[in-house]
Amino acid sequence: MTASAAVSSSRIFIVSGPGGVGKGTIVNALVDRDPRLWLSRSWTTRAQRPGERDTAYVFTDRAAFEQRIEAGGFLEWTNFLGNYYGTPLPEPLEGRDVVLEIEVDGARQVKALHPEAVLIFVLPPSREEQQRRLRGRGDPEDKVDQRLQKAVDEEPVGLAIANHVVVNDDLERTVAEMMDIIRQHRSAD
Ligand code: 5GP
């Protein structure tokens with residue numbers, strides 16, 4: 001089976017949303033709870049943050065990333081604030097549904113290629129909470145400001161293409177709501 005055939009035979013759930021909304025924590029909770037979900041590991045040219053897990057991304061350099069673009073090895077990729085981020089074409093997945101945790105431009109690309117993909121867009125409970133999370137990651141201050149601005153810009157674009165919008169006001173409640181959405185799509189097939 002080719003990689004793209006594997007994608008078309010599984011469902012794709014895209015979790016997107018502006019930075020600082022808690023997407024990473026949410027997708028980890030989803031895959032912990034549901035063994036049928038398979039979390040794609042992205043490639044990035046961003047430097048690993050202090051304390052960040054080695055498995056958070058495939059950390060790579062620009063040359064290797066650009067080579068993979070040339071080889072057609074990404075389902076989608078984007079340049080986010082000066083670094084590349086991309087979803088490698090998923091491996092064959094027997095009976096698993098793919099979860100992508102990506103920003104809005106990537107979500108738009110995946111929806112264009114796979115209109116049946118389900119885009120769940122996550123919003124922060126408040127701008128203050130979002131800013132607190134973005135500042136708490138140990139990025140340099142100028143990067144934090146860029147990320148705050150980017151988050152404000154991404155929101156209306158994501159809302160316009162989302163299938164579902166979820167406010168992450170409480171992790172447990174949010175994850176339960178997202179599991180309901182996933183179940184609803186599975187039972188509709
Ligand atoms: P961070 O640097 O905070 O880990 O990620 C920056 C943004 O890139 C986040 O919104 C994250 O969801 C997004 N992102 C992570 N992996 C990918 C990917 O493979 N493709 C795209 N388009 N965005 C990604």
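Just follow the structure's listing: the first ligand is 1, and inside any ligand the first atom is 1.
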If the threshold is 4.0 Å, N to carboxylate O, is there a salt bridge linking Arg127 and Glu155? yes
Remaining members of the apolar cluster that contains Tyr84, side-chain heavy atoms under 4.5 Å: Trp43, Val58, Phe65, Ile69, Phe74, Trp77
Can you tell which of Phe80, Trp43, Trp77 gets a heavy atom nearest to atom 6 (C) of ligand 1? Phe80
Do the charged groups of Glu129 and Arg133 touch, with an N to O distance under 4.0 Å? yes
Backbone or side chain, does any N or O of Arg147 fall under 3.5 Å from an N or O of ligand 1? yes
Can you name the atoms of ligand 1, numbered from 1 with element, that are less than 4.0 Å from a heavy atom of Gly106? 22 (N)
For ligand 1, is Glu154 a contact, meaning one of its heavy atoms is under 4.0 Å away? no
Sub-4.0 Å heavy-atom contact, Gly86 with ligand 1: yes
Any idea which atoms of ligand 1 are less than 4.0 Å away from a heavy-atom of Arg137? 3 (O)
Between the candidates Glu101, Arg41, Arg108, which shows the shortest non-hydrogen contact distance to atom 11 (C) of ligand 1? Glu101
Short side-chain to backbone donor-acceptor contact, Ser16 and Ile102, under 3.5 Å: yes
May I ask you to check if ligand 1 and Glu52 share an N or O to N or O distance below 3.5 Å? no
Does NZ belonging to Lys150 count more than 12 external heavy atoms closer than 6.0 Å? yes
In terms of atom number and element, which parts of ligand 1 are under 4.0 angstrom from non-hydrogen atoms of Arg46? 1 (P), 2 (O), 4 (O)
Is it true that Thr78 lies under 4.0 Å from ligand 1, counting heavy atoms only? yes
Does this structure show an ion pair linking Glu172 with Arg33, if we count only N-O contacts that are shorter than 4.0 Å? yes
Does ligand 1 have any atom that is closer than 4.0 Å to a heavy atom of Tyr57? yes
